[in-house]
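All heavy atoms count here, side chains included; hydrogens, waters and symmetry mates do not.
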Amino acid sequence: MSGIKKTSVESENRMKELKAFEDTKSGVKGLLVSGILTIPKIFIRPQDELVEESNHGKLDIQIPVIDLMGVETVETRKEIVSKVRRASKDWGFFRVVNHGIPLTVLNDMLEGIRLFHEQDAVKKQEFYSRDYLKKVRYGSNVNLYWSGAANWRDSLTISLMISDHIEPDELPEILSNSAIEYINQVTILGETLFDILSESLNLKCDHLKAMGCAKGRAFVCHYYPPCPDPDLTMGTSKHTDPPFLTILLQGQIGGLQVFRNNQWIDIRPVEGSFIINIGDLLQMVSNDEFKSAEHRVLANSVGPRISVACFFSGIAVPAKIYEPIKELISEENVPLYKEFTVFDYMNNFYSKPIGKSGLDDFRLQN
C-alpha cells in the first residue's frame with residue numbers, strides 16, 4: 001500500500017513540476033537563461049530506458065542518397081524511382097541532393113528559426129499555445145504531459161492543416177519573409193517526391209497527390225539548446241512520424257539517428273541536403289510496402305541544433321477516409337489496416353507518449 005501511495009505522490013509531484021515548467025512559457029531556452037547548471041528532473045530519462053540503451057549497438061553507415069538531378073529525363077527518372085523504392089522499403093529514410101532549392105533559401109530559414117527562439121521570451125510568448133490546430137504556435141514538448149521524460153527542445157509550428165495558405169503578417173516578423181519562401185519551395189519539392197513515390201508503388205505518378213497526401217502541411221521549427229547533461233535526456237525521444245511524408249532540413253550540428261536492425265545509425269548533416277522519411281500514414285496506405293522507421297535526436301552539449309520538419313499529413317477538413325490503396329490489394333496481399341481519417345490518427349498521436357506508435361491501433365487483426 002505504501003508503494004502505491006509513494007507512486008501517487010511522485011506522479012503528483014511530477015505533474016506540478018511539468019505545470020511549473022509550462023507556466024513559464026519560456027521553454028528549454030528559458031531554463032538556460034535562468035542559469036541552471038543541471039537539467040530538471042522532468043527531463044531525465046527513466047532508468048529502464050537508460051539501461052536499454054546499452055543493449056543497442058551503433059553502426060557507422062549512411063542512409064541512401066537520392067540525387068534528383070535529371071529527374072525529368074526518362075532513364076534517369078527510372079533509376080531514381082528504383083532507388084526511392086528500395087530506400088522506402090528497406091530504410092524508410094533517404095537523403096535528397098540536387099533538389100533545386102537554393103542554399104540561400106535553406107540558410108535563411110535556419111537563421112530565421114534561430115533568431116525567433118533567441119529573441120526575448122515576451123515576444124515568443126504571444127505565440128504560445130497547446131492547440132495543435134492553431135496556425136502559428138510556439139511551445140515545448142507537444143507530448144509534455146504523456147511522456148516519461150520531457151525532451152530538451154523548443155518548437156515553433158506553422159500549421160497549414162486546415163487552411164492551405166498563410167500570409168506574412170500571420171507569422172513572427174523575425175522570420176516571415178524567409179518562412180514564406182521556404183514553405184513555397186518545399187511544397188513544390190514535396191509534390192515532386194509524391195510523384196516519385198507513386199511510381200515507386202507502380203501507380204500513376206499523380207496517384208498519391210490525387211489522394212490529397214501532399215495536403216495538410218505543417219512546418220515544425222525545432223531549437224535544441226546546448227544541454228548540461230546530454231547523457232541523461234533526449235532532444236527528441238525515439239518515435240515514428242505520424243504523417244504521410246516528412247521533409248527535414250537540419251543545420252550543421254548532428255544528433256539525428258535512425259533505428260535499423262537493432263542499431264542506431266547517425267544521419268550526419270550535409271549542407272544543402274534534405275532528409276526524407278516515410279510516415280505512418282504512408283506505411284498504412286501502402287499496406288506496409290513502405291516503412292515508417294523509428295528515429296530520435298540526441299541531446300548535445302553544444303548548440304543550438306536547429307532543424308525544420310515539413311510534415312505532409314493529408315486532407316483533414318473536410319474529413320477524408322483513407323485506407324490501403326486498392327491497387328495494392330489482392331488475395332495474396334490483403335488489407336492490413338482499417339479505414340481512418342487524419343484526425344483519427346492525429347488525435348491518437350497527441351494523446352500518448354511520443355514513442356508510442358499508433359500503427360498497431362489501426363492494424364486489422366487478420
Side-chain angles (χ1 to χ4, degrees), residues 2-58 117 121 124 128 130 138-156 220 222-241 250 253-259 262-267 294-307 309 349-357:
S2 61
I4 296 174
K5 186 175 181 181
K6 181 181 178 183
T7 301
S8 177
V9 170
E10 288 176 347
S11 178
E12 186 176 329
N13 288 341
R14 175 174 172 76
M15 189 58 66
K16 288 179 181 177
E17 292 167 4
L18 290 170
K19 187 70 166 59
F21 168 67
E22 179 161 34
D23 284 346
T24 68
K25 297 184 178 180
S26 297
V28 175
K29 174 65 173 172
L31 293 176
L32 286 184
V33 171
S34 73
I36 64 160
L37 299 177
T38 59
I39 65 173
K41 188 177 179 181
I42 59 171
F43 291 92
I44 297 177
R45 299 163 70 188
Q47 188 60 35
D48 58 342
E49 192 176 309
L50 293 170
V51 171
E52 182 189 359
E53 192 75 24
S54 63
N55 296 327
H56 300 309
K58 187 177 174 184
H117 285 284
K124 293 185 288 187
Y128 192 90
R130 282 211 167 269
Y138 155 72
S140 185
N141 285 261
V142 68
N143 304 78
L144 181 67
Y145 293 101
W146 293 275
S147 295
N151 288 163
W152 197 256
R153 75 175 186 281
D154 299 326
S155 306
L156 172 71
V220 184
H222 292 310
Y223 182 92
Y224 301 84
C227 180
D229 301 301
D231 293 336
L232 297 180
T233 189
M234 295 295 295
T236 303
S237 298
K238 177 178 72 174
H239 67 289
T240 60
D241 285 350
Q250 56 178 344
I253 293 178
L256 177 62
Q257 296 181 322
V258 61
F259 197 57
N262 210 40
Q263 309 273 342
W264 285 108
I265 297 166
D266 288 328
I267 301 181
E294 290 183 320
H295 53 287
R296 67 182 187 180
V297 178
L298 301 178
N300 204 316
S301 59
V302 298
R305 179 184 185 271
I306 297 170
S307 69
F349 171 76
Y350 284 113
S351 65
K352 59 173 63 178
I354 190 173
K356 300 288 186 182
S357 169

Test side chain to side chain contact (heavy atoms under 4.5 Å, CB included) on Y145 and L18; report intermediate values, then the result. CA-CA 7 Å; Y145 293 101; L18 290 170; 3.8 Å; yes
Taking side chain as C-beta onward, heavy atoms only, is C227 less than 4.5 Å from T233? yes
Shortest non-hydrogen contact from K124 to H117? NZ-O, 2.7 Å
Any side-chain heavy atom of R130 within less than 4.5 Å of one from L144? yes
Could you walk me through whether L298 and M234 pass the side chain to side chain contact (heavy atoms under 4.5 Å, CB included) test, one step at a time? CA-CA 5 Å; L298 301 178; M234 295 295 295; 3.9 Å; yes
Distance-only donor-acceptor check, side chains N151 and S237, under 3.5 Å: yes
Please give me the minimum heavy-atom distance between H222 and S155, naming the atom from each residue. ND1-OG, 2.7 Å
Is any side-chain heavy atom of E22 less than 4.5 Å from a side-chain heavy atom of N141? no
In terms of side-chain geometry, is the basic nitrogen of R14 or E10 positioned less than 4.0 Å from the acidic oxygen of its partner? no
Atom of D229, atom of T38 and distance for their closest heavy-atom approach: OD2-CA, 3.2 Å
Nearest heavy-atom pair of W264 and H295: which atoms, and what distance? CZ3-CA, 3.9 Å
Which heavy atom of R296 sits nearest to which heavy atom of T236, and what is that distance? CB-O, 3.3 Å
If we only count heavy atoms from C-beta on, is the P40 to L31 side-chain gap below 4.5 Å? yes
Could you give the distance from CG (D231) to CZ (R45), rounded to the nearest 0.5 Å? 9.0 Å
Would you say the side chain of D154 lies within less than 4.5 Å of the side chain of S140, judging by non-hydrogen atoms? yes
With side chain to side chain contact (heavy atoms under 4.5 Å, CB included) as the criterion, how do Y138 and K25 come out once you've worked through the C-alpha distance, each side chain's angles and the decisive distance to 0.1 Å? CA-CA 9 Å; Y138 155 72; K25 297 184 178 180; 5.6 Å; no
Nearest heavy-atom contact between P226 and S301 is CB-O, 3.4 Å
Please enumerate all residues that pass ring pair (Phe, Tyr, Trp, His ring centres under 6.0 Å) together with F43, with sequence neighbours excluded. F21, W152
With side chain to side chain contact (heavy atoms under 4.5 Å, CB included) as the test, would you mind laying out the steps for D266 and Q257 before giving the verdict? CA-CA 5 Å; D266 288 328; Q257 296 181 322; 2.8 Å; yes
Please round to the nearest 0.5 Å and tell me the distance separating atom CZ of R153 and atom CZ of R305. 10.5 Å
Do the side chains of V28 and Y223 get nearer than 4.5 Å, heavy atoms only? no
